[in-house]
2 protein chains.
Amino acid sequence: MKRLTTRQKEVLESIHKFISDHGYPPTIREIAKSHGFSSPRAASDHLKALQRKGYISKSSLARSIRLTGKASGEGMPKVPLLGRIAAGLPILAEQNIEEYLVLPPDPKNRKIDFALRVSGDSMTGDHIKDGDIILVKAQQTADNGDIVVALLDGQATVKRFYRRQDAIELKPSNPSYEPIEVKEDIRIQGKVLSLYRVL
Amino acid sequence: MKRLTTRQKEVLESIHKFISDHGYPPTIREIAKSHGFSSPRAASDHLKALQRKGYISKSSLARSIRLTGKASGEGMPKVPLLGRIAAGLPILAEQNIEEYLVLPPDPKNRKIDFALRVSGDSMTGDHIKDGDIILVKAQQTADNGDIVVALLDGQATVKRFYRRQDAIELKPSNPSYEPIEVKEDIRIQGKVLSLYRVL
DNA sequence: TTAAATGCTATACAAATGTATAGTAATAAG
DNA sequence: CTTATTACTATACATTTGTATAGCATTTAA
């Protein structure tokens with residue numbers, strides 16, 4: 001799913017709010033008005049972009065906008081899906097949030113704090129592949145063998161966690177990658193609880 | 001809440017179904033058409049009655065019907081999770097249903113018909129491992145390269161689908177397994193759309 | 001560097017849509 | 001018995017609404 005511009009995010013958010021306030025989707029002119037556009041065309045352009053990027057679907061009928069994915073699940077738990085991690089910021093900083101995901105209830109009743117799109121193939125030994133979305137519980141430490149999210153050089157990375165004598169080993173499960181040794185464990189951001197993949 | 005007539009119940013039910021099918025409420029004419037009324041007035045009369053009796057609320061805007069109270073509390077989509085497949089029965093037979101899963105809305109807005117727990121490691125080349133839950137759209141055929149669910153010897157199996165000259169090839173993505181040739185494609189039960197894994 | 005995408009203003013138009021008017025007939029309520 | 005409610009047909013009309021046309025300035029991607 002392609003990324004949205006700030007403006008497009010605002011428009012999508014306003015549609016979400018309108019539906020949750022009114023119970024039915026807004027018209028193009030209602031969207032325009034709520035953003036101060038003086039022409040329906042401005043709102044229509046945004047809708048076309050949102051549709052092209054897969055965030056909404058619509059027909060040529062009145063009030064026929066449908067939110068795909070996230071907002072259609074009212075009342076379900078929502079977690080932030082983190083995109084590119086900006087260096088120096090806390091991982092859950094708003095700048096890092098790409099969108100919000102609706103999740104099914106965790107089968108073991110654990111709390112999911114955030115989701116992250118996996119990039120790279122360093123964990124293919126655990127059958128975690130590029131593009132997979134991992135669901136993560138935020139925590140600062142972990143047990144040996146846990147799959148964790150850690151910040152390395154301002155980038156979020158997924159690795160297996162092992163506590164050594166005087167360091168932490170972050171081990172890729174793909175043997176073509178080398179294990180990484182870090183001194184502090186404060187870079188641990190969370191533990192991976194589940195995985196979701198769209199084919 | 002005043003009681004409804006049979007006809008009014010039918011109309012209310014059709015509105016409910018329309019919203020759950022389309023994601024937005026119907027127009028007066030769409031309601032009329034679905035009940036075979038030749039005049040929008042007929043549907044409008046029913047809406048007035050439903051509003052007076054407190055079952056809906058509406059404004060004078062397009063598609064502004066709202067279901068009040070419990071009628072609006074739509075549940076999330078639930079799909080059957082299939083367990084051991086009983087030989088000779090249709091895959092969606094009640095005997096095969098282990099439990100019902102609440103799913104997040106599909107990001108591409110596709111319809112999920114059932115879920116299946118993967119058993120075995122024949123698809124590890126696609127990073128689908130034992131215990132994974134695959135979300136499947138029911139269909140009788142597929143395109144080359146699709147990952148499908150098929151019935152082989154009364155057992156549900158997940159393989160890649162390839163149409164050959166006079167047969168169907170079901171190919172495991174784990175090279176230590178041999179491809180399977182079948183004559184008919186009527187055993188295809190559905191196409192795998194997404195995957196969920198609990199760690 | 002050139003094309004595509006973004007983000008708008010302004011106006012116009014045909015189709016979609018809620019509502020109104022004018023009836024008819026059967027049933028239920030007071 | 002009379003009135004309100006139910007349950008419709010048929011047509012008309014003003015608004016609402018999506019979309020189209022014609023621009024323009026800025027930013028992003030190839």
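So you know, we letter chains A, B, ... as the sequences are listed, proteins then strands, and number each from 1.
- Look at B/H35 and you won't find any side-chain N or O under 4.0 angstrom from OP1 or OP2 of D/dC8.
- The nearest whole Å value for the distance from the CZ atom in B/F37 to the C1' atom in C/dT17 is 18 Å.
- Rounded to an integer number of Å, the gap from A/L61 CG to C/dA14 C1' is 14 Å.
- Side-chain atoms of B/R163 and B/T141 form a donor-acceptor pair, as typed in the model, at a separation below 3.5 Å.
- One donor-acceptor pair, N or O on each side, does fall under 3.5 Å between the base of D/dA10 and the side chain of B/S39.
- One hydrophobic cluster, built from ILVMFWY side chains closer than 4.5 Å, holds both B/I180 and B/I188.
- Of the inter-residue distances, the one linking A/L12 atom CG with A/L50 atom CG reads 5.5 Å to the nearest 0.5 angstrom.
- At whole-Å resolution of the value, NZ in A/K9 and C1' in C/dT6 are 15 Å apart.
- Side-chain nitrogen and oxygen atoms of B/S38 include at least one within less than 4.0 Å of the OP1 or OP2 phosphate oxygen of D/dT9.
- Residue B/I28 contributes atom CD1, which lies 15 Å from atom P of D/dC8 at whole-angstrom precision.
- Residue contacts shown for B/R7 are limited to sugar-phosphate atoms, with no base heavy atom under 4.0 Å away.
- Distances shown here put a side-chain N or O of B/R52 below 4.0 Å from the OP1 or OP2 atom of D/dT6.
- Taking only side-chain nitrogens and oxygens, A/K53 comes nearer than 4.0 Å to OP1 or OP2 of C/dT6.
- The aromatic rings of A/Y24 and A/H22 sit tilted relative to each other, their planes meeting at an angle between 30° and 60°.
- Side-chain atoms of A/R41 and base atoms of C/dG7 include no donor and acceptor less than 3.5 Å apart.
- Looking only at atom types and distance, the side chain of A/R110 has no donor-acceptor partner in the side chain of A/S194 under 3.5 Å away.
- Residue B/A62 is classed as a sugar-phosphate contact, given heavy-atom separations below 4.0 Å to backbone atoms only.
- Each of A/Q8 and B/R63 was matched to the nucleotide of DNA chain C holding its nearest heavy atom; the match closer to the 5' end belongs to A/Q8.
- A straight line from CG of B/D45 to P of C/dT24 spans 16 Å, rounded to a whole angstrom.
- The shortest distance between the side-chain N/O atoms of B/T5 and the OP1/OP2 oxygens of D/dT5 is not below 4.0 Å.
- Atom-to-atom, NE2 of A/H46 to P of D/dT27 comes out at 15 Å; the value is rounded to the nearest Å.
- For the pair B/R29 CZ and D/dA10 P, the computed distance is 14 Å after rounding to whole Å.
- Side-chain N/O atoms of A/K48 include none lying less than 4.0 angstrom from OP1 or OP2 on C/dC8.
- In this structure, the CD1 atom of A/I56 is 11 Å from the P atom of D/dG18, given to the nearest Å.
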